Every structure is written in structure tokens, then in C-alpha cells.
Amino acid sequence: MAEPVLEIDRLSISFFTRAGEIPAVMDFSCKVMPGQAMGLVGESGCGKSTVALAVMRDLPGVGRITNGSIRFEGRDMASLSDPELRAIRGSKIAMVYQEPMASLNPTMLIGRQLMEVPLIHDKVSKEEAHRRALDIVKAVRLPDPDRIMRAYPHQLSGGQQQRVVIAMALLSNPRLLILDEPTTALDVTVEAGIVALVKDLTARSGASSLFISHNLGLILETCDSVTVMYSGEAVETGRVRDVFGAVRHPYTQGLFRSMPLPGTNKNDNPLVPIPGQLPLPYERPQGCNFGPRCGYFVAGVCDRADVPMHEVAEGAGHMSRCLRVEAIDWSASAEKADQFKPVEIGPDVLEVDRLKKHYRVAASAIFAGKEGRAVKAVEDVSFSAREAEVLAIVGESGCGKSTLAKVLLGLETATEGLVVFDHEAIQNRPIERRPTGTISSIQMIFQNPFDTLNPSYSVGSQIIRTLERFRVGANDGERRETMLGLLDLVKLPRAFAHRSPRQLSGGQKQRIGVARAFAGRPRVIIADEPMSALDVSVQAAISELLMNLQRESKTTMVFISHDLSVVRYLADRTVVMYLGHIVEMGATAQIFSPPFHPYTEALLSAIPIADAKVKKRHVVLEGEIPSALSPPKGCPFQTRCGHKSQVPGNLCEREVPPAREVADGHTIKCHLPEETLRRMEPVFS
Amino acid sequence: MASFLARRLGVMLLTMLCLTLIVFYLVNLQPNLRKLAISQTEMHATDQELEGWLKKNGYRRPFFARYATWLGVWPREPIVDPATGAAIPRFSWCDEPTTPKLSGVLQGDFGCSTKFKVKVVEKLGPALEATGILMFWVMALMIPVALVVGVISGMREGSRTDRTLSVISIATTSTPEYVSGVVLTIIFATWLGWLNGSAAAATEGHLSFYNFTLPVVTVSIYGMGYVARMTRASMIEVMNAQYIRTARLKGLGFASIVLKHALRNALIAPFTVIMLLFPWLLTGVVIVEVMFRYQGFGQALVDAAGNNDIDLLLACSLVSVMLVLATQLISDVGYAWLNPRIRVH
């Protein structure tokens, strides 16, 4: 058998702070074989990025390896001198980072940043370095390579920046590529393109890779083997098909069950969140770290001593850190959570008709000479949302979905069109001129729970403040009671009322956000990607909470998201937006099966699915989303559409297609003949 | 770029117009005029005589007409002696046009200085030159030292070098010039005798290390700590940025990381601060020039203000306003040049 490229053996890393030693990684072992891709999965704070930095020997100042070794091509990384280390970094081991914009020097031309790699490592001439940089820019399929070489990072889109970072990593033909959440900051369709690119290029160069992600679906698509981490430890490792096919650790099982997989939906088989929270590094329990959250926990067995990794019976190299592997019946399906009867959908509550929102790009206030240009954020949007319904709005960044939310809330006023709420047109009424009743009736849950709470007030007083504004309750005592009731509602202990936001975890903060939004008994809740900043298991808990609240209060929910797997799970109807247009709208089941709009097809195919049994057709979109400053003529999607050639006479480039009803309540905005749309193959099978 | 500059220059002129109008109004308030009349007439002149002098010399013409004349967009009428019919100047030591013509700031006529009994131009020109020399040496000393100190302490945050340099920077920037000036003079001029405590000779063209070091050091030492602190903060931020990690993990050595990747990014913030220092210096030199008896702009400003020298005061404020606006323009353009994310248009 070949020598592993990277061999991590019983690695322990601690951070030494004033509070003492905090172990970040404990007893972590893994092997990456030549040409293989190893996935590293876990939720935030589990230590996966620390492992990556340790491999690069770039731990922050307070971090130290306390035990174990990292061997790269047989050499112990700890024994390398500084010059030896520099010779390996960027040439034999290269890294791709989570945030491409932040990872590129903003004041240096892309070309120069790329050329540095061969200049340092291969000591080639400038001309040769330039030639190699240009070749790699072509290899990562960036358009117009000469222009890219002379561009600054901010002049490229996020996807292009990440391609540049990948190009930089691959320039010196590394033996090992470390990818640290390389697509987390990107849109799904862009992510699909990047993943395809990385797979293709590493396969061609024979490089091994260490792929760090929180997304099990991505790991399934890209890796040969996988290591699941929890609270600083590897809890399960093995070949991808073994781990995904036969889970042998309760945490991994919990992760799978908290993900909306095809076939699950909010009524028949709700998600099963992992109970409890990730323990803080200095509050880890005795024995198994996952014990307190584990359904299979047996006192006296699991909480006695540290649990070692051990091989499980079936599948070579499949290891688990669970003492009760043999005792647990892994094939049993999850304890059926309560099933729900679908809620009866009521009459229309919110109607949007031909809504348009353009932003003027002002040059200068005093000397505005030329006619200002306009960002056409929302171009032509009509839909209605009914009582007790979850209406999802999906689309990539820049499609206008957040602008739409702002207009609904009154944070912006419409340029044209109508927004009717309770038989009243509100599109031109900014929030400061809306009556309190309207404001409390249309509330929002924000994307990022970390920034939306004021850090200097206690959680309880912030909710009470909202109640005061909405004139809920006659006096302070009553409002206090209501506030405590709201905390019960979002399943937080009442004692949290006195805590300040920084004492809460992300999921708990989002629960406060939910409580605040529900404070004024809203009729419509607009949830702008409420789960995208949270970890998988927390996402499940929040989505269950939201669904239960919405079901009981019969609130209309406008759920804005780019995550189609979540949308399929919880939405009753779905609206697909692209460049300010609604390209497809219908019941969620209609959206997820043919006939599709070509854009929906691409969007669906881009979702990474963490289920080895589901087969997926790959449709990778070429090119970038056009700028909303100068959208293409005709159909907004024509620049990237793969089906354009099937429409005769350049119709797509000339006219915006009409919204056509292909089934009851299912409309598609496309020039393709209806029969062609109907003949489309399903994306999943 | 050209249209940006044109627009900015337009705004600049507009601002200057507004500001000079305000200053012109303030220095021409009645008490000031009365004081001027008293100083220019015989002792014990009656109120009527004072009023007569003001009237004769055109100080009682409508406000905007006088402002327009000062600006040079309205002809200046010579003052005619009713007895002889010949034109006489306002002040005996200061020529003025004998026929009506445009003669104001735009034509280079800033009026007459009553304190120095010369034309304002003759006084202000050499004063500005002297201050310019002082500022040049201050900047030449302060900026390189401050940037080097800031970069060195910022590139390894918390190191012993960083802490030592930080203490020095804070100490210098929290000592006002009138304290450091006195302390430095006592040490280097009085005790050691290495340097001259007076820069009076420097104004007369005998500039030397001996007589010029103390004023330069006194001014620069204050700004030095300030700029060094700003540079350090900016450098620390940059050194912790992700693209520096990228550079490190590309295999670059520490020196190339600092020089190629960190430096330009770290200089963006201090650049604005340095540009703001120019206007501050122009007025900040007042104390140092007085303290070291250096005949520069600061000294002229103090004398003009103290002696109700209306025309000189107006000229001084015009110069200050111009300098403030010009440095702002330069700082905007320079910022865009340093930071490719900013575009001027």
C-alpha cells in the first residue's frame, strides 16, 4: 500500500489563554492517501479549522500542539526549520480559504499575486511566472484571462475570486490541497461550479485534498473518505460510502436526521434536532463528549472514561468513538416525532402586484450632470401570500429577494406597482408613517442573529421594548408576563430574560429574534434566511420552532432563502426569482418536479444532497449573474440559459417571456414551448 | 479624473468665497473699524473725526461693495483729497492705485498692513516662505520616523519593541509643544549649550543646524507620536488580515510579507492623518515661532490679530483656508491612488 501523503496521529492542540489551557483538538488521527480526498465535517467550534492550520503549522500565537504528530510525506512537520517550512507552504501544501475576498490582497493586482508563487518556489523569470499564471487562470475557466490578470480583487465577483484563490493554490502542483469551507460564502450555483472545478483539477493533477466543510452533502459529492468531528474529537471516520451508508456514531446520525433530505417534509416527517448544545471547551463532560445530548446514553457506561476510537465490524477503516456501537440498532428509523395535519390555508393576506423597485445611483449631489443610472433590483414581481401559508422566495444573491422584503416591511418604498395588505395599499408608505398596527402585523426575522440584538441591553428588556412600541399589555407587569410567555414560546428558560446577548449562542439569539418578531401577534412574518448563519443541528431546531409557531398562530410566512433543501422541506408554495423577475411560481412540489424553468433546473441540481441513494443530474451554469445596473435585453436568464437554442428566432434576446400557467397555480416565465418544458427530466431520481 | 478635479476645484472656490465672506464680515465689525480709525488719527480725536476718517477712506461704503473691491471684482476708487483733487493713499506708507481700477485679491493686491507699515504681500511672502521651510523640515523629519516606528511596532504586536516604541509615542504625543519646547530648550540650549534657543537668525537667511534644530524637533515630536500610533494600529489590523495569512501560507518570508503585502495597505489610513497635519501645522507653528522668535506665518498671524491689522488678518485666513482645501483635495486623490477600491469620478 502506498505511503499516505498526510498522516495525523493522535494530535492534540490546546490554546493557552489567561483562563488556562483550553483543549481545542484531542486525540485526532487521520490519513490522507495519494490522490484521495478526505472530508472533515463538523459544526462550528469543533476544531476542524484548527486541524487545518496545524497542518500548515500556522496556529495562532496561543495555540500549541501538546501531543501527537503531523507527518507530511513522511516528514514530521514539527521538526521543520523555518526555511524548510516556507519551501513546503504554497508549493507542496496549498490552501483555499472560506472568504475569497478577504484572502486576496486588495491593493495588489491578481496577476502579481499569482506570479508570486512560481517566483518564490521555482525561482523562474518574471516572463515564465506570468506565462504560468496566465495558464492557470485559463485552467480555472475564468473569462478573459488577460483582463483578470490586470484586475484588482474587488473588481471580480465572489465566485471569480474563489477561482483565483484556487488557481493560486494549484499553481505549484501541490501534493496536498487544504480547502477550508471553500464555498460557504458563495451562492449554490456558484458553489456547484467551484466544486466541479476542484474535483476536475485535483483529479488531473493527482493532488490529495483535505476538504473541510459543515455541509455533508458537499462531502458526499467531493470526497473519498470522511472524518466527522465533534467538540474537538473525531467521532467517526471511514470511506464516504461506509459512513453515509451505515452510520455508526449517534452524533453523525443526529446530523443526518436534522437535515432536510429529499422525502422529508414538515408535516409527515419533521426534522429531529439534536437536543442540547455543543459543550464549551472547558465544560466538556466526563467520558463521551456527546453523552449529554445522546439518545443512546447509558449512565455508568458512557460517562466513565475517555472513549477511544475503535474499528467497527463492517467496512475496512470505518472507525467510531462510540462504546455502544454493537448495542445500538442503527437501522431503526428515528423515533417518529409528532406528525401534523396540514394547516388549512386561508384567504389572501398580502398581495404584490407588478412591483418594481429601482435605486438611483447618484454621482454627486451638487454636480449631478448626466442622468443617473438605476439599479433595477426588483423589476416585475406579482404574487400573493395566504393566511397560514409558508411562501418561499428563492434565488441567488442579487436576485432582488431582500429588496422585496424591504419594500414589504416599509424600509424602502416601491418605484411602481402595488403591495396590498389588509385591503390597503402600503407600497408607498415608509415604516415611520405606518400605523403601529401595520408595523406589528408585518414583522421580520433577520438573517444574522449576531448583529440584530443590541449588545448593551438584556434580552428581556429588548423584548419588552418591542412590546411597548407595539402597545401590547396595559402596564409594565403585564408586559413582563408577556415577555416571559414569549420566552416559553421559543423554548428558552425564563432566566434568560436577564442575560445579555453575548451570553447566548447563535441558535439562542435567533430564538430571541423569533420571540421579538412574534411579540406583536403578527399576521405576516418575513424571514430573511433565518437559518443560514447557523449550524446544521441548530438549523433543524429553529426551523421546527418556526414551523410550530407558524402552524399554531396561522401566521403567513414569507421565507426568503437560497437553500432549496430547506425550502422543499417547509414551504407550501415557492417563488423563484432571478434578476428582479419571478421566473417560476407554484406549489413547492410543482417547483421540484418538471416542468421547470431552466433556471430552477440549474438551482435544483446545485443543491448538495447528503444521501448516497439519491441520484442527481448535474447542470452547471456558466457565467455570472448579470449586473442589475445593466440587465440583459429580453429574458433576464438568456445569458446563462442552456436551452436558449431551442427557441427560434432569437426570441429570448428580444422579449421578456410572459408568465405562462402550466398547471393550476404553477406559472413559468419562459419562451420554451410547453411540451419542451414538460419533457424535461427530473433532477433527482 | 479630470472632471473630478474640475468639480472639486469648483467646490473649493465656492467654499473659499463663503469662508472669506464670513471672515471679511467679522474683521470689519464696528469695534474693529473704530480701533483702526483711532490708531490712524491724531490722539484725542472726536467721534466725528473718527467717523470722518472712516468715511473718507471708504470704510462706510456698502458691505458687499467693499467685499467685491477687496476680492478684485469691483474697481477700487482712489481716495481724492477734496482740497487738491489729487489721489491720496489710505496710509501714507502704502501706494494705492490713483485711477479707478480692479485691484483686489484676484489681482494680487492684499491691501496694507497697519502693523508692519508695508504692503501685506511684502510681509506675508517672506513669512510664508519662512514657515514653509520650517514645515518642510518638520515633515521631512516627522513622517519617515513616525512611519518607521509605527510599522515596526505594528508588525509584531505585543513584542518588546512594540511596547517600548508605543510608550515613547504616547509620551511624545501627550506632551504639548509649549512643554516639550521649554524642556528641550533647557536641556539642549541652556545646560548643554549644543543648540541655539532662538531661531531669529534663521529668518535672516542664516539657517543652520545650530539655530534651527530645536524648533523643528519641537513641532515634529508631537505629531510624530500621533502618526506613529495611527500607523501602528493600521499595521496591526493589516497583519491580522486574512490576505496576510494567504501570503504566509504561500511560503513568503516575513520581510516580503511586510514590504510587499502589508505596507501599502497599512499606509492608507495614516495617509489621511498626515494630510490633516498640514493645516494643523500652519496654525500649530504659532507657539513654536513665538517661542523661538522665528519670523514666520504664525508670528504674522499673532501680530495681525493682536494689532487689529485688518488686511493682514484677511490675507492670513485666506492662506489658511486655501491650505486646508488643497490638502483635502490631495488627500482624496492620494487615497484613491493608494486604495484601488476607491474610484474618483
Side-chain angles (χ1 to χ4, degrees), chain A residues 52-53 55-58 60-61 82-109 112-122 151-155 161 164-165 168-169 171-172 174 178 180 363-370, chain B residues 2-15 18 155-159 162 234 236-269 271 332 334-345:
Chain A
L53 290 178
V55 171
M56 281 298 225
R57 239 183 81 184
D58 193 48
D82 268 358
E84 284 173 320
L85 188 64
R86 279 206 302 275
I88 285 185
R89 283 174 174 176
S91 95
K92 297 232 166 108
I93 311 179
M95 194 155 172
V96 175
Y97 314 87
Q98 179 167 0
E99 289 167 64
M101 179 71 203
S103 311
L104 291 169
N105 187 338
T107 60
M108 206 187 228
L109 295 174
R112 278 196 57 202
Q113 299 194 44
L114 288 171
M115 280 161 63
E116 263 185 349
V117 176
L119 284 175
I120 312 165
H121 292 295
D122 301 335
Y152 284 104
H154 69 276
Q155 291 163 328
Q161 286 166 358
V164 169
V165 175
M168 196 146 71
L171 247 176
S172 55
I178 301 178
D180 188 0
S364 154
I366 307 176
F367 294 92
K370 280 164 279 174
Chain B
S3 81
F4 166 78
L5 280 178
R7 259 184 296 125
R8 282 299 301 266
L9 284 171
V11 174
M12 238 173 97
L13 287 176
L14 209 68
T15 320
C18 298
M155 68 191 190
R156 289 191 206 274
E157 185 191 1
S159 65
D162 174 30
S234 166
I236 287 173
E237 197 188 314
V238 168
M239 287 306 283
N240 285 319
Q242 290 194 25
Y243 55 84
I244 295 297
R245 185 183 67 185
T246 308
R248 202 164 54 229
L249 298 188
K250 238 189 221 179
L252 252 66
F254 189 73
S256 350
I257 290 174
V258 170
L259 293 175
K260 286 191 191 152
H261 286 266
L263 211 53
R264 181 167 168 191
N265 289 296
L267 287 185
I268 294 174
F271 177 75
D332 283 358
Y335 193 77
W337 174 73
L338 273 174
N339 189 348
R341 278 167 296 184
I342 306 291
R343 250 187 329 170
V344 292
H345 57 88

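Just so we're on the same page: letters track the sequence lines, and every chain starts at 1. Owing to the predicted nature of the structure, the values given are computational and were not obtained by experimental measurement.
Remark: B/Gln242 CD is packed, more than 12 non-hydrogen atoms of other residues, nucleotides or ligands lying under 6.0 Å away.
Within the 4.5 angstrom heavy-atom criterion, atoms from both the backbone and the side chain of A/Ala102 approach chain B. Within the 4.5 angstrom heavy-atom criterion, atoms from both the backbone and the side chain of B/Leu252 approach chain A. Within the 4.5 angstrom heavy-atom criterion, only side-chain atoms of A/Ile120, from C-beta onward, approach chain B.
Salt bridge A/Asp58/B/Arg245: absent, no basic N to carboxylate O contact under 4.0 Å.
Note that the NE2 atom of A/His154 and the CG atom of B/Asn339 stand 8.0 Å from one another [nearest 0.5 Å]. Between B/Tyr243 atom OH and A/Glu99 atom CD the span is 13.5 Å, to the nearest 0.5 Å. With rounding to the nearest 0.5 angstrom, the CZ atom of B/Arg264 is 9.0 Å from the CE atom of A/Met108.
Interface check for chain B: of the options A/Arg57, A/His121, A/Arg89, the most heavy-atom pairs under 4.5 Å are formed by A/Arg89. Chosen from A/Met168, A/Glu116, A/Met56, the residue pairing most often with chain B at heavy-atom distances under 4.5 Å is A/Glu116.
By the side-chain contact (heavy atoms from CB on, under 4.5 Å) test, B/Leu14 is found to be paired with no residue, residues two or more places apart in sequence or in another chain being considered. Residues satisfying the side-chain contact (heavy atoms from CB on, under 4.5 Å) criterion with A/Ile88, sequence neighbours excluded, are A/Phe72, A/Arg75, A/Leu80, A/Lys92, A/Ile93.
Nearest approach of B/Pro340 to A/Pro106, heavy atoms of both residues: CG-O, 3.3 Å. Residues B/Leu338 and A/Thr107 share a closest heavy-atom pair of O-CG2, 3.8 Å. Between A/Tyr97 and B/Thr246, the shortest heavy-atom distance links the atoms OH-CA, 3.5 Å.
Under a 3.5 Å cut-off, the side chain of B/Lys250 and the backbone N or O of A/Gln113 do form a donor-acceptor pair.
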